[in-house]
Structures are given as C-alpha cells and as structure tokens.
Amino acid sequence: MLTVPEGRVTNSLLYEGKAKQIYTTDQPGVLLAVFKDDATAFNAQKRGTIQRKGQVNATISAHLFRKLTAAGIPNHFLDQPEPHALHLSQLRMIPLEVVVRNVVAGSLCTRTDLPRGQVLARPLVEYFYKNDRLGDPLLNNEHIALLGLVTMDELALIRTSALQVNEILSNFYQACGIRLIDFKLEYGWGDQGLTLGDELSPDNCRLWDMRDDRVLDKDRFRHDLGGVDESYQEVLARVLKL
Ligand code: TMP
Ligand code: ASP
C-alpha cells in the first residue's frame with residue numbers, strides 16, 4: 001500500500017500497461033497513475049528504459065492537461081502528488097486510439113507513400129482499434145459502427161475535440177520552438193461526458209525542433225537515433241518555460 005499526499009491511500013493495482021501502473025485510491029472514482037521509465041515500441045517487440053521518463057512524462061502531461069482544462073477541454077487530470085504520478089478521475093475508456101496529423105510521418109508514410117515531412121493542407125484524423133492482439137489496426141467510421149465502439153454522433157464529438165486539442169497543443173508547442181507533427185489521444189466517458197484520458201507526452205506524439213526538424217520524441221528510441229533521455233529532458237525544460 002502506497003500513501004500519497006492529500007490523504008489518498010492507494011489500494012490495489014487495477015491495471016498495468018506498458019508505460020503506466022494504475023492504482024485505485026481510497027476516494028471512489030479517483031485513480032493514481034504511476035508512470036514508468038520502461039519504454040516499448042512496435043507492440044512491445046522492442047523494450048528498453050528511458051532515464052527519468054516516468055517523471056518527465058507525468059510532468060509534461062500534467063502541464064498540458066492544465067492548459068487544456070483552462071481552454072475548456074474536459075480531461076481526467078486532477079493533480080500531481082509525486083513527480084512520477086498523477087491523480088486522475090476514472091473513466092470508462094473507449095478502445096480507440098485517435099491520431100491527429102499535421103505533417104506526414106510514421107505509419108502515414110508507409111500506408112500512403114506520401115513523403116515524410118510534407119505539411120498536410122488540413123489536419124488528418126485517424127482511428128486505430130486499441131487491441132494489442134490485433135496490432136492496433138486502422139479503422140474507418142463503418143468499422144467503428146460495426147464494432148459498436150461509439151455512435152457516429154459520439155465519433156463526431158471525438159473528432160471535434162481532437163481537432164481542438166490539436167489547435168491548442170500546436171500553438172503551445174510552437175511557442176516552445178517545437179513543431180507538433182502528430183499525436184495520439186484516448187477518450188473515455190466520465191461525469192462530464194466525453195473526457196480526454198491517457199497521457200500527453202513525447203511517448204505519444206511526434207515533436208520536431210523548429211530550427212532544424214531534429215526529432216525530440218519517442219522516435220529516437222523506436223529507431224535507435226541516440227540521445228533519447230536528453231531529448232525527453234529538453235522537451236520538459238522547454239514546456240515548463242511556458
Ligand atoms: P504512427 O505514425 O506510428 O501511426 O503514430 C502516430 C502517432 O501516434 C505518433 O505521434 C505516435 C503515436 N503512437 C502512440 O502513441 N502509440 C502507438 O502505439 C503508436 C503506434 C503510435
Ligand atoms: N507503445 C507501443 C508499443 O510498445 C508502440 C509505440 O509507441 O511505438 O507497443
């Protein structure tokens with residue numbers, strides 16, 4: 001049992017994912033997410049550790065969730081009781097990975113042959129089925145309806161929210177001297193209806209330095225580019241300035 005500030009006692013491990021452990025607390029509906037230094041890629045075929053990633057990702061996520069709260073985007077963030085842990089409100093998660101892209105990179109290159117780095121005329125929203133066994137396949141609206149993951153009206157709400165998040169985070173990162181190339185969001189249902197969950201960190205977005213397009217995100221780990229720990233620290237330092 002782990003005791004954290006504000007008198008919330010952590011009870012049992014509810015879930016362990018690749019990057020986080022989720023514990024219940026003594027407050028109903030409040031969870032504690034403990035961010036790990038472990039890193040995985042390619043559906044956990046590649047494994048490693050990124051120094052201080054837990055604290056860095058928890059701190060960047062907390063900072064960005066606060067910005068989104070201020071901009072009126074409902075999200076699950078409550079507070080950061082420890083450097084590597086966040087209190088979150090419990091959501092009924094939707095098994096979709098919502099990807100927003102501003103610039104061609106990653107799987108969009110391999111699926112379409114569009115050149116890496118091409119700026120998209122408008123943001124592209126994609127949905128992937130959050131299912132490790134299937135390798136998180138791309139879904140279209142009809143697949144989503146077929147699987148009954150959300151209604152088409154709910155999907156429209158998700159898309160609108162994801163595009164708003166893109167606008168807010170792109171402007172924020174731009175002020176940090178960073179281009180927000182693409183990112184992945186996860187949503188759930190909570191007391192306020194559709195609510196943004198998961199984390200907002202260099203693990204689930206692509207961030208390129210505005211000066212020279214140097215990669216500052218998890219692609220450094222995925223593709224053995226070196227300087228992984230330093231890049232995460234650099235993003236944290238730039239984010240905390242604003
Ligand atoms: P992709 O280009 O590999 O489809 O990735 C799109 C975005 O989603 C990118 O910012 C990285 C993020 N992402 C995750 O957060 N988790 C994942 O498992 C994958 C494959 C990508
Ligand atoms: N997090 C994912 C995994 O390990 C993949 C990735 O981020 O590239 O499976």
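Both backbone and side-chain heavy atoms feed into the values below; hydrogens, waters and symmetry mates do not. Read the numbers this way: they start at 1 and go in the same order the structure lists the ligands and their atoms.
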>> Can you check atom 11 (C) of ligand 1: any protein non-hydrogen atom closer than 4.0 Å?
In response: yes
> Looking at R222, which atoms of ligand 1 are within less than 4.0 Å of one of its heavy atoms?
Replying inline: 11 (C)
>> Count I, L, V, M, F, W, Y as connected when their side-chain heavy atoms are under 4.5 Å apart, and connections chain through other members. Are V235 and L169 then in the same cluster?
In response: yes
> So is there a nitrogen or oxygen of R101 less than 3.5 Å from a nitrogen or oxygen in ligand 1?
Replying inline: yes
> Which heavy atom of the protein is the closest neighbour of atom 8 (O) of ligand 1, given with residue, atom name and distance?
Replying inline: K184 CB, 3.5 Å
>> Between H76 and F65 (judged by ring centroids, cut-off 6.0 Å), do the two rings come close enough to count as a pair?
In response: yes
> How close does the nearest protein non-hydrogen atom get to atom 1 (P) of ligand 1, and which residue and atom is it?
Replying inline: S107 OG, 3.4 Å
>> Below 3.5 Å, N or O to N or O, backbone or side chain included: is there any such pair between E97 and ligand 1?
In response: no
> Take atom CZ in R122; do more than 12 heavy atoms of anything else shown fall under 6.0 Å from it?
Replying inline: no
>> Check D79 with R66, please: is the shortest side-chain N to carboxylate O separation under 4.0 Å?
In response: no
> Which atoms of ligand 1 have any heavy atom of G106 under 4.0 Å away?
Replying inline: 2 (O)
> Does the pair D224/K46 count as a salt bridge with the N-to-O cut at 4.0 Å?
Replying inline: yes
> Between R206 and D219, is there a side-chain N and carboxylate O pair less than 4.0 Å apart?
Replying inline: yes
>> One thing to verify: whether R179 and D213 come together as a salt bridge, which I'm taking to mean a side-chain N less than 4.0 angstrom from a carboxylate O.
In response: yes
> Considering only heavy atoms, which protein residues lie less than 4.0 Å from any atom of ligand 2?
Replying inline: K18, T40, A41, F42, N43, A44, K218, R222
> What are the two closest heavy atoms between L114 and Q118, and how far apart are they?
Replying inline: CD2-NE2, 4.0 Å
> What atoms of ligand 1 come closer than 4.0 angstrom to any heavy atom of C205?
Replying inline: 10 (O)
>> Suppose we measure from atom 5 (O) of ligand 1 to each protein heavy atom; which comes out shortest, and what is that distance?
In response: R206 NH1, 3.5 Å
> Does ligand 1 have an atom under 4.0 Å from some heavy atom of R111?
Replying inline: no
>> Taking the basic N atoms (NZ, or NE/NH1/NH2) and the acidic carboxylate oxygens, is any pair closer than 4.0 Å for K36 and E16?
In response: yes
>> Any carboxylate oxygen within less than 4.0 angstrom of a Lys/Arg side-chain nitrogen, looking at K184 and E126?
In response: no
> Considering only heavy atoms of F183, which atoms of ligand 1 have at least one such atom less than 4.0 Å away?
Replying inline: 10 (O)
>> Which heavy atom of Q80 sits nearest to which heavy atom of A62, and what is that distance?
In response: OE1-CB, 3.6 Å
> What residue and heavy atom of the protein are closest to atom 7 (C) of ligand 1, and at what distance?
Replying inline: D182 OD1, 3.8 Å
> With the threshold set at 4.0 Å, does a side-chain nitrogen-carboxylate oxygen contact exist between K53 and D229?
Replying inline: no
